[in-house]
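First comes the structure, then the notes that go with it.
In what follows, every chain begins at residue 1, and chains take the letters A, B, ... in the order their sequences are listed.
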Number of protein chains: 2
Amino acid sequence: MATIYEVAALAGVSPATVSRVFNGNTVSEEKQRLVRDAAQQLGFTPNKTARRLRKQSSEIICLLVPDIENPFFTALARGVEDRAQESGFSVVLCNTDDDPAKELRYLQIAASEQMAGVILSPASDEVDLGAIASLGRPVVAVDRTTPYPVDAVKIDNRAAGVAATTALVDAGFRRIACIAGPAGIEETEDRYLGWKQVVTARKTVVRDGFLQHANFRVDGGRAAMNALLKLAQPPDAVVTTNNLMAIGALQALHENGIDPEGFGVAVLGELPYLLPPPVSVVQVRLPARHLGRTAASMLLERIGGDTQPLRTVVLRAEIARPPLSL
Amino acid sequence: MATIYEVAALAGVSPATVSRVFNGNTVSEEKQRLVRDAAQQLGFTPNKTARRLRKQSSEIICLLVPDIENPFFTALARGVEDRAQESGFSVVLCNTDDDPAKELRYLQIAASEQMAGVILSPASDEVDLGAIASLGRPVVAVDRTTPYPVDAVKIDNRAAGVAATTALVDAGFRRIACIAGPAGIEETEDRYLGWKQVVTARKTVVRDGFLQHANFRVDGGRAAMNALLKLAQPPDAVVTTNNLMAIGALQALHENGIDPEGFGVAVLGELPYLLPPPVSVVQVRLPARHLGRTAASMLLERIGGDTQPLRTVVLRAEIARPPLSL
DNA sequence: AAAGTGCAAGAAATCGATTTCGTCAAGCAC
DNA sequence: GTGCTTGACGAAATCGATTTCTTGCACTTT
């Protein structure tokens with residue numbers, strides 16, 4: 001790897017001039033040409049590390065998600081990466097597994113690596129953004145919000161919950177249960193409130209036990225669905241507040257020999273490649289990729305020095321019925 | 001962010017001593033304590049960028065995959081990340097979209113960012129590893145191999161093709177077609193050879209048109225399946241050489257009103273969360289996560305200075321029937 | 001006691017860019 | 001012609017760690 005000094009020597013100018021050529025400062029036509037020729041000849045690429053040390057910032061953004069194996073976050077990551085790429089930024093991807101300790105570790109790495117900014121889907125309300133914040137690096141919360149004063153992009157979860165539940169009511173179901181995520185997580189809370197709003201307003205039947213809390217994974221959804229089916233007076237439809245739990249719920253229905261065509265299922269999120277699509281499954285499509293793209297745009301604006309007041313962008317989910325499987 | 005100089009000043013020692021404390025060199029008990037106390041007090045974290053500039057290498061590995069939205073690569077990425085994490089490395093994830101230009105751009109970034117090494121699933125045979133190689137950074141090819149002399153981890157694709165096809169023969173199918181990936185890609189070539197070997201040896205019926213080439217995506221699989229169904233004497237079963245094409249094939253079957261229970265389908269790869277599982281679908285599980293983990297291990301060994309001869313690790317796929325959906 | 005050995009630890013060089021500062025010359029006004 | 005501004009550009013400082021050199025002291029060895 002050629003350095004700026006070698007280029008300078010070959011071009012017969014000072015290193016400072018070489019730097020100026022590549023950073024758009026005032027250099028005469030003449031020397032510009034000399035420098036560019038020399039650089040070309042040596043295959044010179046500026047050493048990013050040296051630049052970073054001097055400039056105290058890099059072109060890397062850090063993306064922290066709970067689990068990249070969840071298709072929702074995969075799509076989100078893809079959106080972030082696409083947008084970052086357009087501006088010449090790279091993305092470091094980290095899985096927190098919803099573990100605050102892992103999250104903290106990664107945030108410290110982000111700080112000590114001089115990463116330009118962080119996009120994160122916080123594992124808990126107690127995220128410690130201290131290290132990042134003290135460096136003045138921008139942070140954008142995505143999908144979930146935090147108590148810290150940072151920009152955020154989220155989905156209108158309540159509206160999504162309302163849409164999903166309404167679709168089931170409109171389809172004629174009257175005993176609609178809800179499988180929500182872990183209690184206390186804002187995201188889930190809002191979605192379940194959407195359900196509650198509709199079942200209350202539309203005067204459907206709601207029994208004790210119609211609200212189930214589960215972890216966000218397939219096994220959680222399955223267990224919750226089994227619990228619902230064991231009720232003395234089980235529901236005839238269910239709203240699940242994320243994609244993986246829906247898979248679990250459908251599995252449970254299948255295992256219990258219940259025809260999904262007669263049992264209403266509404267999902268907040270998309271079922272990946274489901275086929276053949278059970279017609280009674282309502283999917284509310286969460287714009288994950290768009291979420292990522294928007295978050296990246298906001299972060300890049302801040303990195304660029306934008307100082308406008310904090311923003312929270314809320315994206316609306318759209319309903320898709322019957323589900324599209326590409 | 002406190003620097004090594006501030007720590008040194010507070011502890012009353014030289015910066016060199018502070019560095020030695022954190023790099024395991026000979027420092028007296030006494031000063032060790034002083035330094036650690038001072039570091040603690042100031043919340044000192046070594047600046048990775050400065051270290052990297054000096055040491056000419058970082059603790060970041062670069063992972064290049066065609067498309068992170070393909071669950072196979074997601075699982076692979078997860079494997080890489082988990083292993084990297086254990087050794088304190090971070091992973092930068094890049095999507096090449098099978099575009100050699102994008103791939104090259106990322107490889108150059110990896111070089112100029114002093115990344116410790118690269119794991120890649122090459123977009124084509126013409127990968128240009130020049131920049132990386134000249135820096136002496138290790139590279140591990142994953143899933144596909146390259147003409148360059150680098151370590152590789154791959155799947156025994158031919159054996160996987162054999163296993164899938166054999167399963168169909170054993171299930172009684174006699175007119176088995178194959179939907180392979182784009183011609184000329186090693187990975188696909190081997191899988192299709194597995195199919196060919198079995199259909200030849202087991203004397204099943206093979207017609208012109210039973211071998212279809214398609215892109216690796218859902219639409220490719222669907223188109224290929226439709227073409228197969230339009231044959232004068234269509235097959236009664238099909239082997240698809242990746243997961244996405246299988247989805248497309250199943251969709252085509254569904255659209256044509258063909259009961260997948262009576263039509264044999266074997267997939268090289270896993271169908272994500274498929275439910276209810278069509279019983280006649282044979283899945284050969286490709287150990288994607290393990291692939292990633294192994295690649296990361298090999299890369300880390302090389303980064304650690306291992307100079308043993310080049311290795312190619314071949315992982316055996318295992319058959320799963322009926323498919324497990326978690 | 002003189003010379004040799006070992007080791008802790010400070011001083012200073014180093015990695016490769018960016019950026020401040022200063023110099024010099026050209027251009028312009030009066 | 002003198003004084004002032006302006007722009008190109010080189011010299012040198014800087015970012016924050018690591019590492020090589022060097023020094024000085026304690027401890028052997030003969």
Fill in the blank from the handout: Which of C/dT19, C/dC15, C/dG10 is nearest the side chain of B/Ser14? It is C/dG10

Completion exercise
A/Ser28 has its side chain closest, among D/dA8, C/dG10, C/dA9, to D/dA8

Practice task
Give A/Val18 one of three labels, base, sugar-phosphate or nothing, depending on what nucleic acid heavy atoms sit under 4.0 Å from its own.
Solution key: nothing

Problem - Out of C/dA11, C/dT19, D/dC15, whichever nucleotide has its closest atom nearest the side chain of B/Ala16 - result: C/dA11

Handout entry: Nearest-neighbour nucleotide for the B/Arg20 side chain, D/dG16, D/dG10, D/dT20 considered
Key = D/dT20

Problem - B/Glu29, CD: over 12 other non-hydrogen atoms inside 6.0 angstrom - result: no

Exercise for the section: Take the protein atom CD1 of A/Ile4 and the nucleotide atom C1' of D/dC9, then report the distance between them rounded to whole Å. Expected result: 14 Å

Exercise for the section: Give the nucleotide from the list D/dT18, D/dA17, C/dT18 with an atom nearest to the side chain of B/Asn23. Expected result: D/dT18

Problem - A/Val127 side chain reached by A/Arg144 side chain, heavy atoms, under 4.5 Å - result: no

Handout entry: Options C/dA9, D/dT19, C/dA8, nucleotide nearest the side-chain atoms of B/Thr26
Key = C/dA8

Fill in the blank from the handout: Here the distance between atom P of C/dT18 and atom CD of A/Gln114, to the nearest Å, is 15 Å

Exercise for the section: Could you tell me the separation between the CG atom of B/Asn47 and the C1' atom of C/dC15, rounded to a whole number of Å? Expected result: 13 Å

Practice task
Using a 4.0 Å heavy-atom cut-off across all strands, classify B/Lys31 as base, sugar-phosphate, or nothing.
Solution key: sugar-phosphate

Problem - Spacing of A/Phe22 atom CZ relative to C/dA17 atom P, expressed in whole Å - result: 10 Å

Practice task
List the atom of A/Asp306, the atom of A/Arg302, and the distance in Å for their closest heavy-atom pair.
Solution key: O-NH1, 3.3 Å

Exercise for the section: Give a yes/no on whether any side-chain N or O of A/Thr49 is located under 4.0 angstrom from OP1 or OP2 of C/dA17. Expected result: no

Exercise for the section: Compare the minimum distances between each of C/dA17, D/dT19, D/dC9 and the side chain of B/Arg54, then state the nucleotide with the smallest one. Expected result: D/dT19

Problem - Distance in angstrom units between B/Arg52 CZ and C/dG16 C1', rounded - result: 14 Å

Problem - Below 4.0 Å: OP1/OP2 of D/dT18 and any side-chain N or O of B/Arg51 - result: yes

Handout entry: A/Ser112 versus B/Thr45, closest heavy-atom pair with distance
Key = CB-CG2, 4.2 Å

Practice task
Please step through salt bridge (Lys or Arg N to Asp or Glu O under 4.0 Å) for the pair A/Glu59 and A/Lys48, ending with a clear verdict.
Solution key: CA-CA 9 Å; A/Glu59 275 84 49; A/Lys48 295 269 184 68; 5.2 Å; no

Handout entry: Residues A/Glu86, A/Arg293: salt bridge by 4.0 Å N-O rule
Key = yes

Exercise for the section: Answer with base, sugar-phosphate or nothing: what part of the nucleic acid does B/Phe44 contact at a heavy-atom distance below 4.0 Å? Expected result: sugar-phosphate

Practice task
Using atom CD of A/Glu113 as one end and atom P of D/dA17 as the other, report the distance to the nearest whole Å.
Solution key: 13 Å

Problem - Nearest to side-chain heavy atoms of B/Leu53, which nucleotide of D/dA11, C/dG16, C/dA13 - result: C/dG16

Exercise for the section: Rounded off to whole Å, could you give me the NZ-to-C1' distance for the B/Lys55 and C/dG16 pair? Expected result: 18 Å

Practice task
Figure out the NZ/C1' separation between B/Lys48 and C/dC15, and round it to whole Å.
Solution key: 18 Å

Handout entry: OP1 or OP2 of C/dA8 under 4.0 Å from side-chain N/O of B/Thr17
Key = no

Practice task
Look at the side chain of B/Thr3 and decide which nucleotide, out of D/dG16, C/dA17, D/dT18, has an atom nearest to it.
Solution key: D/dG16

